[in-house]
Amino acid sequence: MNNKTYITTTLPYVNAEPHIGHALEFVQADTIARYFRQKYGKENVFFNVGTDEHGQKIFKKAQEENISIQQFVDKYSDRFKEYCKLFFVEYDNFYRTSTKEHAQIAQKFWEICKKNGDIYKKQYSGYYCVGCERFITEKELIDGKCPDHGTEPELKEEENYFFRLSKYREILLKWLEENPEAVKPQNAYDELKKIVSEIEDISISRIKEHLPWGIDVPNDPAQVLYVWFDALTNYVASIGFGTNEEKFNEWWPNTIQFFGPDNLRFQGAIWQGMLASAKLPHTKKLLRHGMVLGADGRKMAKTLGNIVSPFEQAEKYSAEIVRFYLLAGISTFADGAYKEDDLVNMYNARLANNYGNLLNRVIHLANAKEVNINEEQNVEREFKQKVDEYKNEIEKAYEELEIFLALEKVDELADWGNKYITEKEPWSKELTKEQCQTVLNNLSYLLKIVSQLYYPAIPISANKAKEALEKREKIILFNKL
RNA sequence: GGUGGGAUAGCUCAGUCGGUUAGAGCAUGGGAUUCAUAAACCCAAGGUCGGUGGUUCGAUUCCACUUCCCACCA
């Protein structure tokens, strides 16, 4: 049986510093990657992240900063690498779209679509907003002005290449009908169906003269690939598409793509259409996570002064605590407000008071009573059954990408452990040594499982906890905040 | 502006395919206790389920409108 799972995030566009939303996505994907690695082995997971480095905005930003574009993208790409490191995001591949190799594969993808009759040239005339740097449809205009900038767009004419996305409308709808599990959560699935039912052909190139920073259209150096067409191909390129078919065929069938609410159209409709055109299978699982909002429940914005800096947060609380909060305190799929009070409460309640404290109770008592623990074969059957029941439920949640839910249940299991130890009173002098040993050994098994199930979210602490238990060393893993 | 999604205890969220007293965790208050990070354990209080109207014997759950929030609009 092939257990290989390929996990990829969206490639962030490198026109600015990483923000907390990037952390959410990276950390979610990393958690799932770690879960699968732990469960099925390292060799069965391939985790891709990277940066999207072409397009108008980057071109312009580099000019503003007065450095070469390559320097600019190198700088920001490095920032994202550091960012991953900061939050313990352990990727197998960091993909960059500004490499020569990527250009070749994106062009190859283009040629396949072209060969299959899905790319054609069309005179395009429309309203162009300089502020947005894009064409705006007539429907979008408000009083003849751009809805975002309030300025009057210019009439502009351009000959572009178009992708025959409309050809795949029915095919994609059928795919969705037949695979209700393909998109998480349910409302993203519903939304995608609606988007797909209305898809039209899309422009997939730009005139090079306007945008010198991009990948040349094959056989037409006057045009460059539209940045989205170019970037989307990374999902297959990173696992060998166009370079290593065997590797590609091994990984692609079981793919999980993580992305944000603004990306549903691209990952769910356009990319799936591109895959269909290239005669490749659709993505197995699309996970649309939510948006991290400011503490006031509004979208973070400079003008609202509610921006949460991931760097400051990591500095203030430690990156792992921030990581834990993003996973356990903010819904996996819905928008959620980042509130420091919640972070503190959640950390104290779940990690310090519940998990960390139970760990110390058990280690301390085992040492004081000089009894054996960590003997899995001696765990009472009924107790083991109960713990394994939790374990199965939690693993099921992880497999279904329900991270928030999984972590809630891990907390429940630790909580049950605290109730158990209170009820059994292994500190009581009325218990025989054997009875005491049974209780503490049972609990050592529970703690091992809890640590294992917490590991994908808080890898460093969970490993330390496991070690402390094995060595019977009492430590304060989670200092209260 | 158009379209889609959301609004349930102080906070984070479950839930109701319409039906007697709407659930959990955290936070709060009280009790009991001390093996442990003054942690854990037990109990309690907390909500006209965003607003208005409609369908219905009955709506938090269905429908319409409305307010606020989020996203998208090649």
Side-chain angles (χ1 to χ4, degrees), chain A residues 124 126 132 134-137 139-143 145-148 160 162-163 165-166 185-188 190-195 198-204 226 228-229 260-266 268-270 288 290-300 325 328-339 341-369 404-405 407-409 411-412 414-415 417-429 431 436 439-440 443 474-481:
Chain A
Y124 188 71
C132 301
R134 67 173 183 91
F135 287 99
I136 306 175
T137 59
K139 277 188 256 170
E140 287 179 63
L141 296 177
I142 298 163
D143 301 325
K145 286 175 183 166
C146 167
D148 293 331
N160 286 161
F162 275 71
F163 176 67
L165 185 59
S166 62
Q186 181 67 40
N187 58 14
D190 294 342
E191 206 177 329
L192 182 59
K193 258 198 185 159
K194 166 100 177 143
I195 289 172
E198 293 171 355
I199 48 176
E200 299 292 342
D201 293 355
I202 54 163
S203 159
I204 52 168
Y226 176 45
W228 269 105
F229 190 95
D262 49 336
N263 258 282
L264 185 61
R265 163 180 228 94
F266 291 100
I270 298 174
R288 191 207 59 181
M291 177 148 255
V292 184
L293 306 171
D296 53 1
R298 294 166 148 268
K299 192 183 177 181
M300 290 184 201
Y325 175 61
I330 288 180
S331 157
T332 308
F333 306 106
D335 295 348
Y338 190 104
K339 298 180 183 180
D341 284 356
D342 285 359
L343 177 147
V344 170
N345 280 336
M346 184 149 285
Y347 168 81
N348 282 341
R350 291 197 186 183
L351 297 184
N353 297 349
N354 195 18
Y355 173 44
N357 188 39
L358 181 64
L359 183 74
N360 276 346
R361 294 175 91 173
V362 171
I363 293 172
H364 176 88
L365 279 167
N367 290 339
K369 301 273 178 184
F404 184 88
L405 197 69
L407 294 175
E408 198 170 67
K409 285 185 200 256
D411 180 57
E412 255 176 60
D415 185 56
N418 265 314
K419 286 184 171 70
Y420 176 82
I421 196 173
T422 303
E423 190 200 317
K424 298 293 179 186
E425 300 183 340
W427 50 84
S428 162
K429 291 193 173 70
L431 288 190
C436 175
V439 171
L440 292 175
L443 283 164
K474 203 181 151 183
I475 49 162
I476 301 287
L477 252 185
F478 307 102
N479 267 307
K480 282 198 77 168
L481 293 174

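Sequence lines set the chain letters: A, B, ... in the order given, protein chains first and strands last, and positions in each chain run from 1.
B:rG46 has its base syn relative to the sugar, with a glycosidic angle deviating from 0 by at most 90°.
Salt bridge annotation for A:K194-A:D190: absent, with no cationic side-chain nitrogen under 4.0 angstrom from a carboxylate oxygen.
With C1' as the reference atom, B:rG51 and B:rC11 are 23 Å apart, rounded to whole Å. B:rC41 and B:rU34 have their C1' atoms separated by 11 Å, with the value rounded to a whole Å. Atom P of B:rG23 sits at a distance of 29 Å from the matching atom of B:rA32, rounded to the whole Å. When the C1' atom is compared between B:rA36 and B:rG46, the two are found 31 Å apart, to the nearest whole Å. Rounded to whole Å, the P atom of B:rA39 lies 42 Å from the corresponding atom of B:rU52. When the C1' atom is compared between B:rA71 and B:rU8, the two are found 23 Å apart, to the nearest whole Å. Using C1' as the reference atom, B:rC72 and B:rG58 are 39 Å apart when rounded to the nearest Å.
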Give me, pair by pair, the N or O atoms of the protein and of nucleotides 35-42 of chain B that are less than 3.5 Å apart, along with how far apart they are.
residue	atom	partner	partner atom	Å
B:rC35	O3'	A:H364	NE2	3.2
B:rC35	O2	A:R361	NE	3.3
B:rC35	N3	A:R361	NE	3.2
B:rC35	N3	A:R361	NH2	2.6
B:rC35	N4	A:R361	NH2	2.8
B:rA36	OP1	A:H364	NE2	3.3
B:rA36	O3'	A:K474	NZ	3.0
B:rA36	O2'	A:N357	OD1	2.7
B:rA36	N1	A:R361	NH2	3.3
B:rA36	N3	A:N357	ND2	3.3
B:rA36	N3	A:R361	NE	2.9
B:rU37	OP1	A:K474	NZ	2.5
B:rU37	O2	A:F478	O	3.2
B:rU37	N3	A:F478	O	2.8
B:rU37	O4	A:G356	O	3.4
B:rA39	OP1	A:K480	NZ	3.3
B:rA39	O5'	A:K480	NZ	3.2
B:rA39	O2'	A:N353	O	3.1
B:rA39	O2'	A:N357	ND2	2.8
B:rA40	O2'	A:R361	NH1	2.6
B:rA40	O2'	A:N418	OD1	3.3
B:rC41	OP1	A:D415	OD1	2.9

For a quick check, with a 4.0 angstrom heavy-atom cut-off, what is the B/S/- contact string for nucleotides 2-7 of chain B, read 5' to 3'?
-SSS--
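Nucleic acid contact class of A:S428 (heavy atoms, under 4.0 Å, all strands): none. Contact annotation for A:K369: no contact, since no heavy-atom pair falls under 4.0 Å across all strands.
Nucleotide B:rU3 has B:rA71 as its partner under the Watson-Crick or G-U criteria, with both atom distances under 3.5 Å. Both distances falling under 3.5 Å, in either a Watson-Crick or a G-U wobble arrangement, occur for no nucleotide opposite B:rA40.
Ring-centre distance between A:F333 and A:F404: not below the 6.0 Å cut-off.
When distances run from any side-chain atom of A:R265 to the nucleotides B:rC11, B:rC70, B:rC72, the shortest one goes to B:rC72.
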